[in-house]
2 protein chains.
Amino acid sequence: MQLSNTSQYAIRMLAYMADKKDSPLINATELAKVLQIPYKFLTKIMTELVKADLVISMRGREGGYSLSKKASDIKVDDILNVFHDSIQEEQCVLGIGFCNGMCKCALHDQWMEPKLLLQKMFRESSLEDIAGKGCKI
Amino acid sequence: MQLSNTSQYAIRMLAYMADKKDSPLINATELAKVLQIPYKFLTKIMTELVKADLVISMRGREGGYSLSKKASDIKVDDILNVFHDSIQEEQCVLGIGFCNGMCKCALHDQWMEPKLLLQKMFRESSLEDIAGKGCKI
DNA sequence: TTTAATTACTACTTTAAGGTAGTATTAAAG
DNA sequence: CTTTAATACTACCTTAAAGTAGTAATTAAA
């Protein structure tokens with residue numbers, strides 16, 4: 001019952017960038033050091049965020065990363081989607097994940113309320129909302 | 001954001017046994033067939049449930065498994081605990097899982113409400129509550 | 001007492017996530 | 001133009017979860 005490491009890292013990376021919105025570009029070395037994320041793994045994740053158009057990258061000396069849009073326009077759920085970690089409509093806690101009209105799992109009804117709150121949390125929380133909140137590691 | 005396969009299997013296995021409370025013993029072959037769980041993996045999980053005293057086993061011909069207590073006295077959370085899948089107090093969605101007084105993650109506040117509902121769901125749902133609900137696979 | 005049917009144990013294989021290493025590419029500074 | 005500091009790409013390694021195989025132990029029926 002946890003987000004993947006990759007998604008957790010990604011959210012923390014982008015939240016940090018949102019927090020430092022005055023710096024035009026932030027590089028991987030700084031992110032890895034401050035957030036205590038393995039450098040090479042971080043760059044791999046960042047490349048996926050670039051491909052997903054959540055982040056813009058500049059190569060070469062003085063290069064780095066920046067958010068592709070306003071922090072208030074990037075929701076946590078957008079990040080989870082990149083790593084297929086968002087909660088799908090049919091996703092349940094039993095039945096190896098999926099319930100539908102034909103076949104519902106035994107905890108289907110109990111799951112509804114927490115599921116809706118989780119989806120709400122992910123869909124409504126933007127990077128602006130969470131930037132600067134909490135500690136970095 | 002999912003329970004492990006192992007926990008999902010375990011819950012479904014025990015819920016099925018609770019449902020068939022008239023049969024004194026239920027064997028692995030029947031469980032594996034009805035619930036569509038790999039036989040060998042199922043017996044491995046069941047052995048852990050026996051060691052955790054949630055299930056009693058009888059070896060030999062005519063052997064099988066039965067719940068160690070009333071279905072209403074086994075909560076879903078008891079099963080999750082066996083596989084260390086229960087939601088811990090300090091467990092959060094960021095920060096690789098743990099928040100505490102010193103260091104809270106950026107989604108700490110938003111996580112509180114869904115977390116409490118999830119814990120409530122797991123702690124208050126007994127096998128009696130979920131037996132017979134939903135389809136088996 | 002033998003046989004068949006069951007769980008328990010030990011060890012292995014497979015798969016996917018997490019993480020690392022090295023090289024290529026890019027772009028600004030000197 | 002060369003150097004330096006950054007991202008991008010490709011390939012690999014590590015770890016833990018998931019799943020499999022074979023054998024030993026146990027029990028009741030035949």
Side-chain angles (χ1 to χ4, degrees), chain A residues 1-14 17 23-68 80 82-85 94-97, chain B residues 1-14 17 23-68 80 82-85 94-97:
Chain A
M1 220 57 197
Q2 277 262 201
L3 290 179
S4 66
N5 278 10
T6 302
S7 287
Q8 292 188 37
Y9 286 153
I11 295 167
R12 289 170 50 216
M13 284 152 56
L14 299 197
M17 289 167 65
S23 325
L25 287 175
I26 300 172
N27 68 46
T29 306
E30 171 180 351
L31 285 165
K33 180 176 283 181
V34 175
L35 304 179
Q36 303 256 65
I37 297 172
Y39 173 84
K40 279 290 198 177
F41 195 40
L42 183 148
T43 61
K44 193 187 217 176
I45 293 167
M46 205 53 115
T47 300
E48 291 193 71
L49 293 169
V50 169
K51 285 183 183 152
D53 289 322
L54 293 180
V55 168
I56 291 168
S57 66
M58 262 296 283
R59 281 153 83 130
R61 192 161 175 164
E62 310 286 287
Y65 301 101
S66 69
L67 298 182
S68 69
L80 298 187
V82 177
F83 307 102
H84 311 104
D85 248 350
L94 301 183
I96 315 298
Chain B
M1 222 54 198
Q2 276 263 204
L3 290 179
S4 65
N5 277 10
T6 302
S7 288
Q8 292 187 36
Y9 286 153
I11 296 166
R12 290 170 51 218
M13 284 153 56
L14 299 197
M17 288 166 66
S23 324
L25 289 174
I26 300 171
N27 68 45
T29 306
E30 172 180 349
L31 285 164
K33 181 177 281 181
V34 175
L35 304 178
Q36 302 256 65
I37 298 172
Y39 173 83
K40 279 291 198 176
F41 194 39
L42 183 148
T43 61
K44 193 187 219 174
I45 293 168
M46 204 54 113
T47 300
E48 292 193 68
L49 293 170
V50 170
K51 285 183 184 152
D53 289 321
L54 293 179
V55 168
I56 291 168
S57 66
M58 262 294 285
R59 282 153 86 131
R61 193 162 177 165
E62 309 286 285
Y65 302 101
S66 70
L67 300 181
S68 68
L80 298 186
V82 176
F83 306 102
H84 310 104
D85 248 349
L94 300 183
I96 314 301

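The sequence lines fix the lettering, A, B, ..., with proteins before strands; numbering per chain opens at 1.
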Between [X] and [Y], is any pair of side-chain heavy atoms under 4.5 Å apart?
| X | Y | result |
| --- | --- | --- |
| B:L31 | B:R12 | no |
| A:L80 | A:I11 | yes |
| B:Y9 | A:L94 | no |
| A:F83 | A:L49 | yes |

In whole Å, what is the span from the [atom1] atom of [X] to the [atom2] atom of [N]?
| X | N | atom1 | atom2 | result |
| --- | --- | --- | --- | --- |
| B:L3 | D:dA18 | CG | P | 11 Å |
| B:M46 | D:dT20 | CE | C1' | 19 Å |
| A:M13 | D:dT7 | CE | P | 11 Å |
| B:N5 | D:dT20 | CG | P | 12 Å |
| B:E48 | D:dA18 | CD | C1' | 12 Å |

For DNA chain C, which nucleotides open and close the run of contacts to chain A, 5' to 3', at under 4.0 angstrom from a non-hydrogen atom?
C:dG18 to C:dA29

How do A:K51 and A:G63 order along DNA chain D: which one's closest nucleotide is nearer the 5' end?
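Looking at DNA chain D, the more 5' nearest nucleotide goes with A:G63.
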
In residues 25-37 of chain A, which residues come under 4.0 Å of DNA chain D by heavy atom?
A:N27, A:A28

For DNA chain C, whose closest nucleotide is more 5', that of B:K44 or that of A:T6?
B:K44

Applying side chain to side chain donor-acceptor pair (under 3.5 Å) to B:S4 and not counting sequence neighbours gives B:S7, B:D85

Which is true for [X] with a 4.0 Å heavy-atom rule: it touches a base, it touches only sugar-phosphate, or it touches nothing?
| X | answer |
| --- | --- |
| A:Y65 | sugar-phosphate |
| A:T47 | sugar-phosphate |
| B:F83 | nothing |

With sequence neighbours excluded, give me every side-chain hydrogen bond (donor to acceptor under 3.5 Å, both in side chains) pair touching residues 30-45 of chain A.
A:Y16-A:E30, A:K20-A:E30

Nearest heavy-atom neighbours spanning [X] and [Y]:
| X | Y | answer |
| --- | --- | --- |
| B:L67 | B:M17 | N-CE, 3.7 Å |
| B:S66 | B:P24 | CB-O, 3.2 Å |
| B:M13 | B:I37 | CG-CD1, 3.9 Å |

Answer yes or no: is there a donor N or O on one side and an acceptor on the other, between the side chain of B:Q2 and the main chain of A:M1, under 3.5 Å?
no

Nucleotides 22-30 of chain D: protein proximity per nucleotide (B base, S sugar-phosphate only, - neither; heavy atom, under 4.0 Å):
BB-BBBBS-

Less than 3.5 Å apart, which donor and acceptor atoms pair up between the side chains of residues 50-65 of chain B and the rest of the protein, not counting sequence neighbours?
none

